[in-house]
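Presented below is the structure to which this report refers.
Everything quoted here is computed from the prediction, not taken from an experiment.
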Amino acid sequence: MSQKTPTRKKFLLWSAVLLSSATLLKFLKGSRETKTETVKMLTQDGKLVEINKELLASSKHKISSEELQQWIKK
């Protein structure tokens, strides 16, 4: 009987240790990673590109139909 058999307590202990370390690693990995919001837009030649939302200027007002028509004519 020199052979050591794993006990239920050891199994539960190691399971808890592995589960908590996996959870800890997930939180550490998630805290380093920063999510940047991107917007998909079409270029003039028809290519789809993603642009960082922070780089876009927003004037917070809608343009009129006349302004849009003048912009298209340019």
Side-chain angles (χ1 to χ4, degrees):
M1 295 248 173
S2 65
Q3 186 179 21
K4 293 185 178 181
T5 59
T7 63
R8 183 176 177 192
K9 286 182 183 180
K10 283 186 181 181
F11 175 76
L12 292 175
L13 177 67
W14 281 107
S15 298
V17 167
L18 287 175
L19 183 64
S20 62
S21 63
T23 305
L24 182 63
L25 288 175
K26 182 179 178 182
F27 283 122
L28 290 177
K29 182 181 177 185
S31 64
R32 282 188 244 146
E33 187 176 306
T34 57
K35 297 267 184 176
T36 57
E37 291 187 38
T38 58
V39 178
K40 293 182 182 179
M41 301 183 103
L42 282 176
T43 61
Q44 289 181 347
D45 57 349
K47 293 181 182 177
L48 184 66
V49 294
E50 288 189 15
I51 300 174
N52 191 352
K53 202 172 189 180
E54 295 173 354
L55 299 175
L56 296 175
S58 63
S59 59
K60 302 283 184 182
H61 73 280
K62 293 183 179 181
I63 63 171
S64 67
S65 297
E66 295 171 359
E67 290 175 325
L68 180 61
Q69 290 172 357
Q70 290 174 358
W71 177 75
I72 292 174
K73 291 179 183 178
K74 288 183 183 180

Practice task
For E50, look at atom CD and say whether over 12 heavy atoms of other residues, nucleotides or ligands are found less than 6.0 Å away.
Solution key: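 Yes, CD of E50 has more than 12 neighbouring heavy atoms, counting only those of other groups under 6.0 Å.
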
Handout entry: E67 atom CD: more than 12 heavy-atom contacts under 6.0 Å
Key =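 Yes - once you tally the heavy atoms of other residues, nucleotides and ligands closer than 6.0 Å, there are more than 12.
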
Practice task
Look up atom CG in L18 and atom CG in L13, then write down how far apart they are to the nearest 0.5 Å.
Solution key: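 The distance works out to 9.5 Å.
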
Problem - Gap separating the CG atom of L12 from the NZ atom of K10, nearest 0.5 angstrom - result: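 That separation rounds to 13.0 Å.
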
Practice task
Flag yes if M41 and L55 sit in one hydrophobic cluster, no otherwise; membership is Ile, Leu, Val, Met, Phe, Trp, Tyr, and two members link when side-chain heavy atoms are under 4.5 Å apart.
Solution key: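 No, separate clusters.
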
Handout entry: Single-linkage hydrophobic cluster, 4.5 Å side-chain cutoff, V17 and L25 together
Key =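 No, because V17 and L25 fall into different hydrophobic clusters, even though each may have its own neighbours under 4.5 Å.
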
Practice task
For E37 and N52, work out which heavy atoms get closest and say how close.
Solution key: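 That closest heavy-atom pairing would be O-OD1, 3.3 Å.
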
Handout entry: Check: I51 and T38 side chains under 4.5 Å, non-hydrogen atoms
Key =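 Answer no - side chains too far apart.
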
